[in-house]
Amino acid sequence: MASADICVRISKSDEYKSVEAIMKQVQQMHINWRPDIYKYSETVLPLEVYEKAVEEEAFFVAEYNEDVAGILFVMYRHIESPNQVTRNVIFVDSMAVDEKYRGKGIGHAFFDFLKELKNRKGYDGVELQVNAKNDAAREFYSKYGFTEKSINMELL
């Protein structure tokens, strides 16, 4: 379903402004859903965190017609404990598509990329969390084959 106009690749240091602009869009969505938890911040993704993720090949962008149209920030996790099966998973810390590029197949391109990355690295799975109020994302992830692993609950 991904368009030939979409290229998912490791982000470059000089793309920080474009990345931060998309991160701010995501932060605003979270503020709108839960103003009791999220607030405006001048910087959503600190430059040093971004640069380290780029260096570790953990920050990717979707390029659409040569523009940064989406971001994907992952963490490589090794899970090992006496009570769990030892696993290596790719955890999606952040995935977002710039609002002007939504509906163009970029999310599908990211998930196709994640499947390939998981297989290439020999990892056991891909995991993510989603805001309970983000119905569109939850539906999208479910259609792509993600299933619920756990549910976070709160008492206010």
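Throughout, residue positions are numbered sequentially from 1 according to the sequence presented. As the structure is a prediction and not an experimental result, all values here were calculated from the model.
The closest donor-acceptor contact from the side chain of D124 to the backbone of N88 lies under 3.5 Å. Judged purely by atom type and a 3.5 angstrom limit, R138 has no side-chain atom pairing as donor or acceptor with the backbone of V130. Checked by atom type and distance alone, the side chain of S81 pairs as donor or acceptor with a backbone atom of N83 at under 3.5 Å.
Defined by atom type and a distance below 3.5 Å, a donor-acceptor pair is present between the side-chain atoms of Y50 and S11. Between the side chains of E80 and H78, a donor-acceptor pair is found at a separation under 3.5 Å. One side chain, Y40 or E42, offers a donor N or O that lies under 3.5 Å from an acceptor on the other.
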Could you walk me through whether E48 and K52 pass salt bridge (charged side-chain N to carboxylate O under 4.0 Å, His left out), step by step?
-> CA-CA 6 Å; E48 53 276 5; K52 185 172 188 242; over 6 Å; no
Take N134 and Y141 through the test side chain to side chain donor-acceptor pair (under 3.5 Å) and record every step on the way to the result.
-> CA-CA 11 Å; N134 192 344; Y141 300 153; 5.8 Å; no
Output, in order, the C-alpha distance, side-chain angles, deciding distance and verdict of side chain to side chain donor-acceptor pair (under 3.5 Å) for Y101 and D67.
-> CA-CA 10 Å; Y101 294 103; D67 290 331; 2.7 Å; yes
Chi angles and distances behind the salt bridge (charged side-chain N to carboxylate O under 4.0 Å, His left out) call for R9, E15 = CA-CA 12 Å; R9 60 168 173 76; E15 294 173 319; 2.4 Å; yes
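Atom CD1 of I106 is separated from atom SG of C7 by 11.5 Å, given to the nearest 0.5 angstrom.
Exactly one of F110, F111, F146 qualifies for a ring-ring contact (aromatic ring centres under 6.0 Å, His included) with F140. That residue is F111.
When the side chains of ILVMFWY residues are joined at heavy-atom separations under 4.5 Å, either directly or via intervening members, V61 and L47 end up in a single hydrophobic cluster.
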